[in-house]
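Keep in mind it's a predicted model, so treat the numbers as computed, not measured.
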Amino acid sequence: EAVDGRPANRRRPGQSRRPRRPHRRRAGGRPSGGERHHRGRSAGPDLRVTPRPRTRPMTEDLVVGLILFIAMAGAGIALIWMARAAAKGKLKRNRYAGIRTRKTMASEEAWREAHVSAEKPTLLAGVVSLVGGLVALLLAGTTAIAITVAVVTGLTLILVVYGAYVGGEAADAVGGQAVDATGTVR
């Protein structure tokens, strides 16, 4: 079948005899035997830039680590302060901070005994949280930071719950009347 008066198998003006194939280059960037340079490419070294793997910039890891450090270290410092203040009697019975169960709210003596007994596990929880915040700040990489935060948070929670259990048992040993959250004696 003819197009523009030429047979379909004939080449057009400016068309090469063979179909074009991409040139393969050997090491060093020079064409291998028999290949011609294509449209002004030099025979110099192949200077193609290889793409970098997609990673987050170091500044994002630093920002995430800094935020986690502030949160975890702040929680650790608060736990350490609360454990010491409550054990020394500086943190009086209240509805906001400390071990607030029926047993510990029953009397000042039960409150104080509970916090003296719970001081060591609560202090340890604060230290774990503080150290975990420092580690999160120093680590690079989302996975490492996430694993650190999960382990430290879990360990801190376990220690705080254990401290509350020990404190509740100590308050129970003291005895006293049960007091509800509003401060009413039952």
Side-chain angles (χ1 to χ4, degrees), residues 47-186:
L47 298 177
R48 281 183 254 158
V49 177
T50 57
R52 287 184 172 176
R54 296 185 73 154
T55 58
R56 292 184 342 187
M58 186 61 155
T59 56
E60 288 182 25
D61 285 340
L62 187 61
V63 169
V64 169
L66 188 60
I67 291 169
L68 289 171
F69 167 72
I70 291 169
M72 294 173 75
I77 290 170
L79 282 169
I80 292 169
W81 173 83
M82 198 176 321
R84 286 186 175 169
K88 290 179 182 176
K90 293 180 182 178
L91 182 65
K92 300 295 179 194
R93 203 167 32 153
N94 65 73
R95 286 189 252 174
Y96 307 108
I99 304 170
R100 298 172 315 279
T101 64
R102 286 185 184 182
K103 296 173 187 176
T104 60
M105 298 293 281
S107 67
E108 278 297 325
E109 186 182 351
W111 173 267
R112 174 89 193 265
E113 192 60 37
H115 286 87
V116 167
S117 299
E119 182 181 17
K120 286 183 182 177
T122 309
L123 278 174
L124 186 57
V127 170
V128 165
S129 185
L130 187 62
V131 170
L134 285 171
V135 171
L137 180 63
L138 299 176
L139 287 178
T142 308
T143 306
I145 292 173
I147 290 171
T148 301
V149 169
V151 168
V152 168
T153 303
L155 190 56
T156 302
L157 183 62
I158 289 169
L159 288 167
V160 167
V161 169
Y162 175 70
Y165 171 76
V166 169
E169 292 297 313
D172 197 31
V174 169
Q177 296 174 323
V179 177
D180 64 10
T182 61
T184 313
V185 177
R186 293 185 178 215

More than 12 heavy atoms of other residues, nucleotides or ligands under 6.0 Å from CD of Glu109: yes or no?
no
Residue list, side chain to side chain contact (heavy atoms under 4.5 Å, CB included) with Ala75, at least two apart or on another chain:
Ser129
Taken in chain and number order and not counting sequence neighbours, the residues that satisfy side chain to side chain contact (heavy atoms under 4.5 Å, CB included) with Val127 are Ile80, Val131
If every non-hydrogen atom of Ala136 is compared with every non-hydrogen atom of Thr148, which pair is closest and at what distance?
N-CG2, 4.4 Å
Considering residues at least two apart in sequence or located in another chain, which fulfil the side chain to side chain contact (heavy atoms under 4.5 Å, CB included) criterion with Ala164?
Ile99
Calculate, to the nearest 0.5 Å, the distance between atoms CG and CD1 belonging to Leu137 and Ile145 respectively.
9.0 Å
Nearest heavy atoms of Ala87 and His115, plus distance in Å
CB-O, 3.8 Å
Taken to the nearest 0.5 Å, the spacing of Leu130 CG from Thr156 OG1 works out to 10.0 Å
Which residue pairs satisfy the ring pair (Phe, Tyr, Trp, His ring centres under 6.0 Å) criterion with at least one member in residues 67-104, sequence neighbours excluded?
none
Heavy-atom pair with the smallest gap, counting every atom of Glu113 and Ala170:
O-CB, 3.8 Å
Interatomic distance, CD1@Ile158 vs OG1@Thr153, rounded to 0.5 Å, equals 11.0 Å
Going through the checks in order, is the side-chain contact (heavy atoms from CB on, under 4.5 Å) test met by Val135 and Val152?
CA-CA 10 Å; Val135 171; Val152 168; over 6 Å; no
Counting N and O atoms only, with roles assigned by atom type, does the side chain of Lys92 sit under 3.5 Å from a partner on the main chain of Gly89, one being a donor and the other an acceptor?
yes
Heavy atoms from other residues, nucleotides or ligands near CZ of Arg100 exceed 12 (cutoff 6.0 Å):
yes
Residues at least two apart in sequence or cross-chain that pass salt bridge (charged side-chain N to carboxylate O under 4.0 Å, His left out) with Glu108, listed by chain then number, are Arg93
For the residue pair Thr122 and Leu159, establish whether any side-chain heavy-atom pair is separated by less than 4.5 Å.
no
Show the nearest heavy-atom pair for residues Ala118 and Gly163, with the distance to one decimal.
CB-O, 3.1 Å
With sequence neighbours left out, what residues match Ile147 under side chain to side chain contact (heavy atoms under 4.5 Å, CB included)?
Thr143, Val151
What are the two closest heavy atoms between Ala114 and Ala171, and how far apart are they?
CB-CB, 4.0 Å
Taking side chain as C-beta onward, heavy atoms only, is Lys90 less than 4.5 Å from Arg84?
no
Nearest heavy atoms of Ala86 and Arg112, plus distance in Å:
O-CD, 4.3 Å
Determine whether a donor-acceptor pair (N or O, by modelled atom type, separation under 3.5 Å) exists between the side chain of Trp111 and the backbone of Leu91.
yes
